[in-house]
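Some notes on the structure that comes next.
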Amino acid sequence: MALPVPRSFSVQWGSESVLVSNVDPGLPSPTTDADLATVVAAGRSNPAALLPEAAWQAIARATTSPDAVAVQLRPTAAEPTGLLMVENVDGATLRSVVTRVHLSELLPGIQPRTGMEVMEVPDPQVQGVTDGGRPCASVRYRYQDLEHLRNHVWQTLHGTLALNSYGPSILARKVTRNLITHPVEITFEDGTESFHALVVRDGITRLASAWEVLAGPDAEAADVAQLAVDSLFGKTAAASGPGGEPLERRLAAGREKWRRKLREEFAREIAAPEPGPRAAQIAQTYVVPAQIAVGAEGHPGHLLAAEDIFDDAIRSVLASVHVEFKQWDTAAQNVEVATRALKRVIQLGDSLVPKDDLQTIYGLAVGRIPVEELPRVFDEEPAPPGTALWRAVYLVHALTRPELLEPLKDQAKAIKGGKRMGLKGFAELLGPLIDLPWRAHKKHVTKQARNAWNNGGVLTSDVIQEWEPRPTGDFTALVGPAMAGDIDARCTLAVAGGVALIADKLLTRNVGSALMAAKEKGGVPFRADVNQVIEDLSQEHNEVGLWTLALAAERFRGDSLPENAVTMRQLVHKQRTGGATGSGGAPYAHLKVDLSAPDRIERDDDGVPVLLHQWDVVWASNPDRARKAHPPRTALIPLPRPASSDGVRTTERYGEGTEGEAGTDGTDGELSGARAGGAAAGAGPDPRPASRRAADYRQVLKANVTAARDALDQLLLLDPEVGSHTPVVPQSTLDVLLEQLVSLQADVENLRRKTARADDPAVEQDADEEAVEAGV
């Protein structure tokens, strides 16, 4: 059989020319019902492959070579398990088929990388699938509703492209490395009928980049994500179609209809003497190579439950790539290690903690159990309040019990491949689990908070011993019992107050530069590990320390940052946009302790509460050491500052400036724009005098600058909600905007100088003299 002759040609991609190679003259034909039956029959006949029939149908719909898939699956006398690809991973054997699949049949799956990011759309719940006690090579994703699924796919693709893109490379050579995929059953909490699909677990950047190529060089990440969502799901409603046709078939029919239009478009484009970029875009992205997991088998002696074997094996494959070679960042690796270690401890059954309690802890750790469910989950008297901070208290308490701490460390070491793990190494694993509820609102200080966890976090010598949380609606009520020696009250304050101080950047990893920094800029009186500072604060004889912890825990809010942790630039913005009040309406700040005050809050001479600084926190942990490092000095009578040559004192001349406010002109920009742009868009020159036309354009300029200021304010307000997985404005867009703004600023400044010279002859004379002196 003669091979088709590929074509190569150059196309324009943005500002560069790309040589596109190996463009096939045609696209694969649609899958028929006979093709579906062939793959399903071959899959069910393979003893090493175990999937529901609907999953086999999803594989058959996705592949462009159903016969080749069937050949790999069919067992023979020499190969009882067929020609499947075999991978031995930690505790299991995975078997996969290698084929080429339609881009439009792949959904982006979830990765541990997303487990530590700020996501406004939560990941679905994941559950393993078994058949007769054997693990299936599939998992079940549980979304809230169909809109949750659409938003999650949009978010994943959009966030991925904001981080990286292989667009030009894929346009030139297609996707060249296999995507690691497997079937998944998509289910919904609202009762929408489920369906099966293929998800990509490794290669999501390649998947998103392929969609980017298909969308075109001018498409932004948001446009690419929307194209993918519309192509995958169309406008299909959750309700059944005519004749009760299942959702799965309606979605499949919609995708096939979309592909048919692409094939027709490609046929027209490739027939041209000089094919254009659209032909290359379709040809290079219509299909992608994939490795599809179809079977999983646990190794003897590996005691993971059947429903966890496949998911753990897939995660082991991902970890082998992204922990050893193409690394996720440290926090993503910590989420992966901590959650897998906890899951293994649950299934091994070696822990003295009951398995049901461990499942509850796991649900809290991964976010399956919302914080509002705490009073129901921990059915005790009194019940803990359903808040994010109390979730942190119970999670830290559970994961650091002596009977659980060592097994967790052992499993974490096995997963990471290390030989030892100290207390700081274990605390590092906890950081990204603890901050899950407030990541979006405190993302500006997440890095510093996780560094503090790397430095020991709240794992004091008392916290890792035997104690029980003391639920209360007022943390300050625990100070008395703590001073009386109640270990439960002391450890509850240590964990709650310590987590609050760390999360709000009032206690950070102590580095050398902090010793030289000013108190207002995060300076500290002496160096000490974070867990040592918290341990000293929580001692029963340290009344100031206990009150510092109690007030920090009591004032903590998970929906915003306190004023103490915000930079001056952020404070200026918040003052302009209404203040950093969060949802409660009152200013949010941590305050310094004064034991002589009735409410234990220090106030200045005007009665204003004094803000707490990291200096105060560290000082309160060990006042004796702080006084030795900073002995009191003899007071000096301050001398007046010398005045400058223009009579202005230095402090006045060089003091802090104030940021100018953007104008709030109420001119109707659209009306002015239409009036001023009439000559450009209408019939003939504008007969009005130039001065009148200039007045109209002045209004357009003012209105549009004001509109730009308002849009930027809204983007800054949305920034915490958008999360860290993607910037609120892409870097490429910011670069273009900055270039335009610099040009605009230069033109405005030139006009301003020209107007100033026209209004003031002295200015013009000075300018002429300067020109003469410069030899112009």
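Any value given below was found using the heavy atoms of this structure, including those in side chains, with hydrogens, waters and symmetry copies removed.
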Taking all non-hydrogen atoms of both residues into account, name the closest pair between E535 and S461 and its distance. OE2-OG, 2.8 Å

Roughly how far, to the nearest 0.5 Å, is the CH2 atom of W615 from the NZ atom of K592? 11.0 Å

On a heavy-atom basis, the closest approach of A503 and L561 is O-CD2, 4.5 Å

Are the side chain of D606 and the backbone of V608 linked by a donor-acceptor contact shorter than 3.5 Å? no

Non-hydrogen side-chain atoms of T548 and V544 separated by less than 4.5 Å: yes

Is the F475 to W390 ring centre distance short of 6.0 Å? yes

With side chains defined as the heavy atoms from C-beta onward, is the minimum distance between E466 and E403 less than 4.5 Å? yes

With rounding to the nearest 0.5 Å, note down the distance linking CG in L537 to OG in S621. 5.0 Å

Would R603 and D594 count as a salt bridge (Lys or Arg N to Asp or Glu O under 4.0 Å) here? Give the steps. CA-CA 8 Å; R603 288 174 169 79; D594 180 3; over 6 Å; no

Any side-chain heavy-atom pair of T387 and R391 under 4.5 Å: no

If I take atom CG from residue L429 and atom CG from residue L399, how far apart are they, to the nearest 0.5 angstrom? 10.0 Å

Is it true that W619 and H613 have ring centroids separated by less than 6.0 Å? no

Is N542 reaching over with its side chain to a backbone N or O of A620, donor-acceptor style, under 3.5 angstrom? yes

Check whether any side-chain heavy atom of I434 lies under 4.5 Å from a side-chain heavy atom of V458, and answer yes or no. no

With a 4.5 Å limit on heavy-atom distance, are the side chains of V499 and W453 in contact? yes

Test item: L612 and L501 side chains (from C-beta on) under 4.5 Å apart, heavy atoms: yes

When you check the side-chain N and O atoms of Q532 and D536, is any donor under 3.5 Å from an acceptor? yes

Between R470 and D488, is a salt bridge (Lys or Arg N to Asp or Glu O under 4.0 Å) present by the stated rule, with each step listed? CA-CA 6 Å; R470 285 280 299 272; D488 295 343; 5.4 Å; no

Check the pair D713, R709 against salt bridge (Lys or Arg N to Asp or Glu O under 4.0 Å), reporting the backbone distance first and the verdict last. CA-CA 6 Å; D713 285 345; R709 174 74 264 176; 2.9 Å; yes

Note: G498 and I534 closest approach over all heavy atoms is CA-CD1, 3.7 Å

Exercise: identify the closest heavy-atom pair between L478 and A489: O-CB, 3.7 Å

Criterion side-chain contact (heavy atoms from CB on, under 4.5 Å) on W467 and D462, from CA distance to verdict: CA-CA 8 Å; W467 64 281; D462 292 327; over 6 Å; no

For W438 together with F556, are the ring centres under 6.0 Å from each other? yes

Are the side chain of N451 and the backbone N or O of R509 linked by a donor-acceptor pair below 3.5 Å? no

Atom CD of Q745 with >12 non-hydrogen neighbours under 6.0 angstrom: no

Evaluate the criterion side-chain contact (heavy atoms from CB on, under 4.5 Å) for residue pair V530 and V533; output intermediate values, then yes/no. CA-CA 5 Å; V530 171; V533 172; 5.8 Å; no

Does any N or O in the side chain of R490 come within less than 3.5 Å of the main-chain N or O of S538, such that one atom is a donor and the other an acceptor? yes

Donor-acceptor check, side chain of Q155 to backbone of V121, threshold 3.5 angstrom: yes or no? yes

Short question: side chain of E563, backbone of Y588 - any donor-acceptor pair under 3.5 Å? no

Closer than 3.5 angstrom, by distance alone: can the side chain of R401 be matched with the main-chain N or O of H397 as a donor-acceptor pair? yes

If only side-chain N and O atoms count, and only distance matters, is there a donor-acceptor pair under 3.5 Å linking T472 with D474? no

Decide yes or no for L595 and E543: does some side-chain heavy atom of the first lie under 4.5 Å from some side-chain heavy atom of the second? yes

Between K442 (side chain) and G558 (backbone), is there a donor-acceptor pair under 3.5 Å? no

Residues passing the side-chain hydrogen bond (donor to acceptor under 3.5 Å, both in side chains) test with D605, sequence neighbours excluded, are none

If the condition is side-chain hydrogen bond (donor to acceptor under 3.5 Å, both in side chains), which residues does N455 pass it with, not counting sequence neighbours? D529

Is H590 close to L551 at the side-chain level, that is, under 4.5 Å between some pair of heavy atoms? no

What is the minimum heavy-atom distance between A528 and R625, and which atoms define it? CB-NH1, 4.1 Å

Could you grab the distance from atom NZ of K424 to atom CD of E428, nearest 0.5 Å is fine? 11.0 Å

Nearest heavy-atom contact between V610 and D604 is CG2-N, 3.9 Å

Going from CD on Q614 to CG on D504, what distance comes out if it is rounded to the nearest 0.5 angstrom? 12.5 Å

Quick check for you: to the nearest 0.5 Å, what is the distance between L430 atom CG and D435 atom CG? 11.0 Å

